[in-house]
Number of protein chains: 2
Amino acid sequence: MDNEEGAKLIDVAKLAECSPATVSRVLNGNPTVNRGVRERVIRAAAELRYVPNGSARALRSTRTRLVGAIIPTLDHAIYATMVDALQARLAEKGVSLILNTSTYDIDLEYEQAKLLVERGAEAVLLVGAEHRPQTLAMLEQKRVAYVFTYTSTATDAGAAVGFDNEKAGRAAARYLLDLGHTRLGMIAGITQDNDRAKGRRDGFLRELAKAGIDAASVPVAEGAYKIENGRSSMKMLMASSPRPTAVFCGSDILAAGAIKYCVEAGLAVPKDISIIGFDNLEIAVLTAPELTTLEVPARDMGRLAADYILASPLQRRHLRERELPISLVVRGSTGPGRAN
Amino acid sequence: MDNEEGAKLIDVAKLAECSPATVSRVLNGNPTVNRGVRERVIRAAAELRYVPNGSARALRSTRTRLVGAIIPTLDHAIYATMVDALQARLAEKGVSLILNTSTYDIDLEYEQAKLLVERGAEAVLLVGAEHRPQTLAMLEQKRVAYVFTYTSTATDAGAAVGFDNEKAGRAAARYLLDLGHTRLGMIAGITQDNDRAKGRRDGFLRELAKAGIDAASVPVAEGAYKIENGRSSMKMLMASSPRPTAVFCGSDILAAGAIKYCVEAGLAVPKDISIIGFDNLEIAVLTAPELTTLEVPARDMGRLAADYILASPLQRRHLRERELPISLVVRGSTGPGRAN
DNA sequence: CTGTTAGCGCATTCAT
DNA sequence: ATGAATGCGCTAACAG
């Protein structure tokens, strides 16, 4: 009965010659326990290699110290980085993270949210603001806090830590317009069920429209975030007429593919064609020329989402709807548009 | 008492006019329940929006359907990809993944493993074979299965799904040697507490030694997996004399930085200097020239580790120690060494 | 400051 | 095929 499967709290109590309740108090950092007893308990627990049973704890206390996150994929570095920061911050406070990837499928997201609720997640991180209504309804009914990331619009019940994708799209357009470009194109991510990609595209087109450039005249390609899709999309755009002199890509990955195509096709970047990316991934410095891009604060979003989750319900009121700045990182892939 | 916080199993039983035991049977797919009753239960559960309490279930049944993974960091795409595959496979079977990043710190890894055991993880995925003895001892004592990845050496109690890093290092050396290079260098990852990085380095040096090249004459730089470290390490290597004509990098990230330095310094790749990477990340095609590299089967490791975890204890015996092949992907960054 | 009592929600005996 | 009873391991009241 010593080196069996595992000692329980009551075994610790016996060895420390006190009641289970006292052991529980020590374990939970309750300060109203005498030094001497506390030390005996700690020693007994160590001796028995006692590991608390989280399920029992959770059942009794209704606190699981479990948080969930549902992201589209870990294959995109921007999400991986956000999760990395989220996890690090949560771990500091002894909170564990259950991770799910939805592969951009909001129906699958619903299933995963349900499982998270079952597991007792006390809060859930979601990406974007576009979700099945029943997903949010369930979270709300079960009193599970949720935070949107990559967006700055919260709901009544949820918070948001992110940025305004529409504004970001407009910023890209404005920058290119200011450089004198008048023939623009875009390689967006896949916009279906994806408010971030849609927001960026719409913002981009809207700003162009304000400058008198009809959206219908702006070629927009769509592709999953793969270098190869950036390449093939760029090829398409360059075949449209009149040919764009500047292209906004919904991700640095796409932009890298786009530049790759230009190199192959003998198009000079930025002389013949300006390319601006999105994310500011580490790889933005690998292309030649290096990528001008809009920086997404992935790590900050992860950390701040964690802060929101870790905050008390009271503090949370002050943390809802946190809009982070998007900054333009100018490198070599953009240049002046030629006068028409 | 209807749209309160949440219905419990007993509420479902009442509405379905049966006993809690029967509801439990239906929920767990026990086939010994009459069609009619089963359907009533299912309807009642749906109507009440019943969500089972995982903690209670786990406490009672000692099955949590929770699995843990401790990886060094999500900032390295190779781990992110592995976790992505792992999670996808586990999710198919309704198993949730608790993710922790150890930042390459095996003491922190121990703490995280302990927390995973507390949470009731039924299995844990670990990276590499180098861990604190107490980490594995704890897992074994608590009967938590574990799988090593990125290595092919299992322990008595644990499994391994991965490849032989030493062999991979030797393969890189052999390839460069066969190209005729005699002055070699290496940019390794950080080898402290890291058997993968060490294995690659040692294998590389050993193969060179076999070819009569003294390890002491081979400059080896170390750096975390950042482009900038690849750049600065390459600068150092190029300053050593005699200058290497071929460099093996412990990651494509380092290799990309190394190429970056060469471009800046006016060194032609592969004419003046051959560079071989490791991982075959998506970015391997972004450098100019594209990277010759050894491909790490990240996605396969995640999927196969999941298969191991999901297998029954019996089946597991057949799945221990799975060595996956490492393949060389030849692109443009390597070329023949000049005759001395 | 510490012990006693009770029960969290469910799955599992054991009956029937 | 179904129901009644029991207790998983722990923490929260409440005493003392």
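To find a chain, count down the sequence lines: A is the first, B the second, and so on, and within it residues start at 1. All values below were derived from every heavy atom in this structure, side-chain atoms included, with hydrogens, water molecules and symmetry-related copies excluded.
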* Aromatic ring proximity, centroids under 6.0 angstrom, Phe148(B) and His131(B) -> yes

* Asked: Can a salt bridge be assigned to the pair Asp11(B) and Lys8(B) using a cut-off of 4.0 Å between side-chain N and carboxylate O?
  -> no

* Asked: Is Glu118(A) paired with Lys114(A) through a side-chain N to carboxylate O contact shorter than 4.0 Å?
  -> no

* Which two nucleotides bound the region of DNA chain D that has atoms under 4.0 Å from heavy atoms of chain B, read 5' to 3'? -> dA1(D) to dG9(D)

* Structure fact -> A correct 5'-to-3' footprint of nucleotides 6-11 of chain C, with B, S and - meaning base, sugar-phosphate only and no protein heavy atom under 4.0 Å, is BBBBBB

* Over how many whole Å does the gap from Asn30(A) atom CG to dT2(C) atom P extend? -> 10 Å

* Asked: Can you name the residues that form a ring-ring contact (aromatic ring centres under 6.0 Å, His included) with His76(A), not counting sequence neighbours?
  -> Tyr79(A), Tyr225(A)

* Could you tell me whether Lys198(B) and Asp193(B) have a side-chain N and a carboxylate O separated by less than 4.0 Å? => no

* **Any residue meeting side-chain hydrogen bond (donor to acceptor under 3.5 Å, both in side chains) with Asp307(B), in chain and number order, not counting sequence neighbours** => Arg89(B)

* Asked: Which salt bridge (charged side-chain N to carboxylate O under 4.0 Å, His left out) pairs, counting each pair once, include a residue from residues 48-68 of chain A, with sequence neighbours left out?
  -> Arg63(A)-Glu122(A)

* State which residues pass side-chain hydrogen bond (donor to acceptor under 3.5 Å, both in side chains) with Glu17(B); sequence neighbours excluded, sorted by chain then number. => none

* Under 4.0 Å between any heavy atoms, over every strand shown, what does Thr22(B) touch: base, sugar-phosphate, or nothing? Just pick one. => sugar-phosphate

